[in-house]
Amino acid sequence: MWDFEHPPANTALAQRYQLHYTHPAQCAIELHEGRADLGLIPIAALTPSLAIVPGCAIASLDRVRSIQLIIKVPVRQKYEQLAPNQTHDALASIRTIAADTASLSSLAYAQILFHKFIGAHPAFLPAPADPIAMLTHADAALLIGDPALLALEARNHIEAQPNIGPCLWLDLAHEWRTRTRLPWVAAVWAIRTEALVNSATTETQLIEDLQHSRNRGLAHIDRLVAEWAQRIALPPATIRHYLTRNISYTLTLDCIATIELFRRYAAEANILPPLPTLRFL
């Protein structure tokens, strides 16, 4: 969003776009209801009536850090030390998961993990993103976005709670990558194509505006780190690593393959409706 938020480009872009910020799942709702024309939405919210805008994505090539499945376990042991069968057993033992529902895609990835790869069907219980409260009332917690990043920083404090204890922390992007050899994809720009019919903005200009903004943002990582260090209680080094190493911003062919596979698995498990083909602007 660099060009939309910073001069000099933001002045010209404000003539073509009216911005509104909200949670990813709410972005999708407003797009589907016609209250928004363009949205950065979870891939779980794509429908045949929406067209993907080529070029940009929110993805990860391995560990994303901001999607954490935290599991209470009886013995402290780092995930990297667990054999695959031990990880499988830990996941299979879960009966209840307190889930932050801020992102439809992240919730669906977790459901696919259990249904497709573990063969288990735990109950997902919607809950506010408070890891201590979540783990007090459930076997595991699913945290998404900033709450997941903050929980990683507070891991020792969370595990020190008498009713929680040692936990197994799984990065869902890494779990997907390990099992499919594909990147994890959270969101894409999607548009109601009818919105362009009476708009002075062309398809080409829209695509260029979004890609140029992404590229300019990547060229100003130092300033982004400084800005976000004032907004969220994370060390600047952690923010930099997240922006430059954990997140990938390009909609590649592998990312498209991920979206297709994700939607197929989700449909097979009755998690999401089928999406036979992807539509692109």
Side-chain angles (χ1 to χ4, degrees), residues 1 22-29 31-32 38-69 99-117 142-146 148-149 170-191 206-207 210-211 213-215 217-218 241-269 271-281:
M1 299 305 297
T22 187
H23 289 295
Q26 186 63 31
C27 285
I29 291 171
L31 194 59
H32 292 149
L38 171 72
L40 186 62
I41 68 169
I43 61 172
L46 288 170
T47 66
S49 65
L50 298 176
I52 297 171
V53 182
C56 299
I58 301 296
S60 180
L61 302 182
D62 191 9
R63 298 183 187 277
V64 72
R65 290 180 61 84
S66 53
I67 311 292
Q68 294 290 322
L69 179 63
D100 178 0
T101 57
S103 168
L104 295 173
S105 293
S106 299
L107 180 60
Y109 271 112
Q111 292 170 317
I112 289 170
L113 172 66
F114 285 95
H115 183 277
K116 177 70 178 180
F117 299 109
L142 177 64
L143 288 174
I144 298 164
D146 292 352
L149 296 172
L170 300 184
D171 186 306
L172 283 195
H174 177 71
E175 296 303 312
W176 173 264
R177 177 76 175 185
T178 299
R179 290 166 171 81
T180 66
R181 302 302 177 188
L182 288 170
W184 175 85
V185 182
V188 293
W189 285 108
I191 188 169
L206 171 65
I207 294 168
L210 297 178
Q211 293 192 25
S213 182
R214 174 202 60 199
N215 294 343
L218 289 170
H241 190 276
Y242 182 70
L243 294 176
T244 59
R245 301 292 296 276
N246 295 125
I247 299 294
S248 175
Y249 305 91
T250 301
L251 186 63
T252 64
L253 291 177
D254 278 351
C255 286
I256 294 170
T258 286
I259 299 172
E260 293 172 336
L261 185 63
F262 167 84
R263 291 303 299 255
R264 177 161 66 85
Y265 284 167
E268 290 172 352
I271 296 168
L272 296 171
L275 185 65
T277 57
L278 299 179
R279 181 182 177 196
F280 291 87
L281 194 64

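No experiment lies behind these values; they were computed from the predicted model shown.
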- prompt: So which heavy atom on L107 is nearest to which on A99, and how close?
  reply: CD1-CB, 4.0 Å

- request: Output the distance between atom CH2 (W184) and atom CZ (R177), rounded to the nearest 0.5 Å.
  value: 13.5 Å

task: Please examine the side chains of P54 and I207, heavy atoms only from C-beta on, and report whether any two atoms are closer than 4.5 Å.
output: yes

Greater than 12 external heavy atoms within 6.0 Å of H32's NE2: yes

- prompt: Are L206 and L210 close enough that some pair of their side-chain heavy atoms sits under 4.5 Å apart?
  reply: yes

Side-chain touch I52/W189, heavy atoms, less than 4.5 angstrom: no

- prompt: Does A44 offer a backbone N or O that forms a donor-acceptor pair with the side chain of S105 under 3.5 Å?
  reply: yes

- prompt: Which heavy atom in L61 sits nearest to a heavy atom in P183, and how many Å separate them?
  reply: CD2-CB, 4.0 Å

query: So do the side chains of L104 and Y109 get within less than 4.5 Å of each other, counting heavy atoms only?
result: no

message: Consider side chain to side chain contact (heavy atoms under 4.5 Å, CB included). Of V64, I112, L142, which one does L172 pass it with?
response: L142

CZ-OG1 distance between R263 and T258, expressed to the nearest 0.5 angstrom: 13.5 Å

field: Nearest heavy-atom neighbours spanning P274 and A267
entry: CA-CB, 3.9 Å

message: Pair I256, F280 - check side chain to side chain contact (heavy atoms under 4.5 Å, CB included), show working.
response: CA-CA 11 Å; I256 294 170; F280 291 87; 3.9 Å; yes

query: For L143, does its backbone N or O pair with a side-chain atom of D100 as donor and acceptor, under 3.5 Å?
result: no

task: Please say which of V53, I58, I259 ends up in a side chain to side chain contact (heavy atoms under 4.5 Å, CB included) with V188.
output: I259

message: Using modelled atom types and a 3.5 Å cut-off, is there a donor and acceptor pairing between side-chain atoms of R279 and backbone atoms of S49?
response: yes

task: Would you name the heavy atoms of C56 and L251 that are closest together and state the gap between them?
output: O-CB, 3.6 Å

query: Are I271 and F262 close enough, and set up right, to give a side chain to side chain contact (heavy atoms under 4.5 Å, CB included), and what steps lead you there?
result: CA-CA 11 Å; I271 296 168; F262 167 84; over 6 Å; no

- request: Enter the distance from L50:CG to I191:CD1 here, rounded to the nearest 0.5 Å.
  value: 9.5 Å

task: For Y249 and L243, work out which heavy atoms get closest and say how close.
output: OH-O, 2.8 Å

- request: Take W176 and I67, measure what side chain to side chain contact (heavy atoms under 4.5 Å, CB included) needs, and give me the verdict at the end.
  value: CA-CA 11 Å; W176 173 264; I67 311 292; over 6 Å; no

field: R264/E260 ion pair, N-O < 4.0 Å
entry: no

- prompt: Side chain of N246, backbone of R63: donor and acceptor closer than 3.5 Å?
  reply: yes

field: Residue pair T252 / T250, side-chain donor-acceptor N/O under 3.5 Å
entry: no

query: Passes side chain to side chain contact (heavy atoms under 4.5 Å, CB included), F117 versus Y265? Steps please.
result: CA-CA 10 Å; F117 299 109; Y265 284 167; 3.8 Å; yes

message: Let me confirm one number: the CG-CG distance from L69 to L113, rounded to the nearest 0.5 Å.
response: 7.0 Å

Close side-chain approach of E175 to D171, heavy-atom, < 4.5 Å: no

- prompt: If every non-hydrogen atom of G55 is compared with every non-hydrogen atom of Q211, which pair is closest and at what distance?
  reply: CA-NE2, 3.4 Å

query: Considering only heavy atoms from C-beta outward, does the side chain of K116 approach that of Q111 to under 4.5 Å?
result: no

message: Can you tell me how far apart CZ (R179) and NE2 (H174) are? Round to the nearest 0.5 Å.
response: 8.5 Å

